[in-house]
Trainee: 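Below is the structure I would like to discuss, written out as structure tokens.
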Amino acid sequence: MKARKNWISDKEQLSVSTQCELAGVTRSGYYGQSKSLMPNTEDLELMKLIDEEYTRHPFYGSRRMKQVLLAQGRKVNRKRVQRLMRNSNSVSMMRL
């Protein structure tokens with residue numbers, strides 16, 4: 001399946017939807033692969049800060065962590081902190 005996604009290019013004469021149909025790949029599957037799995041540098045920096053603070057205070061949740069980051073001058077909201085905390089946990093689990 002992954003190899004078939006590589007056959008598709010948006011620089012070809014055929015439309016992407018036609019190429020997907022010929023390759024047997026859904027368009028959502030093709031466009032879904034373009035999302036980056038790696039967080040950007042700002043997110044990585046925030047994840048590092050969250051990890052350091054969580055190491056000191058493992059009982060902090062997303063609300064308290066948001067307050068800590070805001071006090072450090074970082075512009076974050078709770079949903080972003082929740083996502084970064086969740087991603088930090090999955091990244092640390094992959095290292096094991």
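The structure displayed is predicted, hence computed values, not measured ones.
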Trainee: Do Gln67 and Arg63 pass the side chain to side chain contact (heavy atoms under 4.5 Å, CB included) test, and can you show the C-alpha distance, the side-chain angles, and the key distance before you say yes or no?
Mentor: CA-CA 7 Å; Gln67 294 301 321; Arg63 288 181 174 98; 6.0 Å; no
Trainee: Going from CG on Leu84 to CD1 on Ile50, what distance comes out if it is rounded to the nearest 0.5 angstrom?
Mentor: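 Going from CG on Leu84 over to CD1 on Ile50, the span is 4.5 Å.
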Trainee: Roughly how far, to the nearest 0.5 Å, is the CG atom of Asp43 from the CG atom of Asn87?
Mentor: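 These two atoms lie 8.0 Å from each other.
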Trainee: Determine the minimum heavy-atom distance between Tyr54 and Tyr60, stating which atoms define it.
Mentor: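 Nearest heavy atoms, Tyr54 then Tyr60: CE1-O, 3.6 Å.
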Trainee: Applying salt bridge (Lys or Arg N to Asp or Glu O under 4.0 Å) between Glu42 and each of Lys75, Arg74, Arg80, report the one that passes.
Mentor: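 Testing Glu42 for a salt bridge (Lys or Arg N to Asp or Glu O under 4.0 Å) against Lys75, Arg74, Arg80 leaves exactly one candidate, Arg80.
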Trainee: Tell me if the CD atom of Gln72 is crowded by more than 12 foreign heavy atoms within 6.0 Å.
Mentor: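 Atom CD in Gln72 is crowded, with more than 12 foreign heavy atoms closer than 6.0 Å.
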Trainee: Going from CZ on Arg86 to CE on Met47, what distance comes out if it is rounded to the nearest 0.5 angstrom?
Mentor: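 So the gap between those two atoms works out to 11.0 Å.
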Trainee: Once the angle between the rings of Phe59 and His57 is folded into 0 to 90°, is it parallel (under 30°), tilted (30 to 60°) or perpendicular (over 60°)?
Mentor: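 Answer is perpendicular, since the angle exceeds 60°.
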Trainee: Find the distance between CE (Met65) and CE (Met85) and round it off to the nearest 0.5 Å.
Mentor: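 Rounded to the nearest 0.5 Å, the CE-CE separation comes to 4.5 Å.
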Trainee: What pair of heavy atoms forms the shortest contact from Val76 to Leu46, and how long is it?
Mentor: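 Smallest interatomic distance, heavy atoms only, reads CG1-CD1, 3.8 Å.
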Trainee: Distance check, rounded to the nearest 0.5 Å: Ser62 atom OG versus Arg83 atom CZ?
Mentor: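 So the gap between those two atoms works out to 13.0 Å.
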Trainee: Are Leu49 and Glu53 close enough that some pair of their side-chain heavy atoms sits under 4.5 Å apart?
Mentor: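 Leu49 vs Glu53: side chains apart.
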Trainee: Can you measure from CG (Leu69) to CZ (Arg78) and round to the nearest 0.5 angstrom?
Mentor: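 One finds 13.5 Å between CG of Leu69 and CZ of Arg78.
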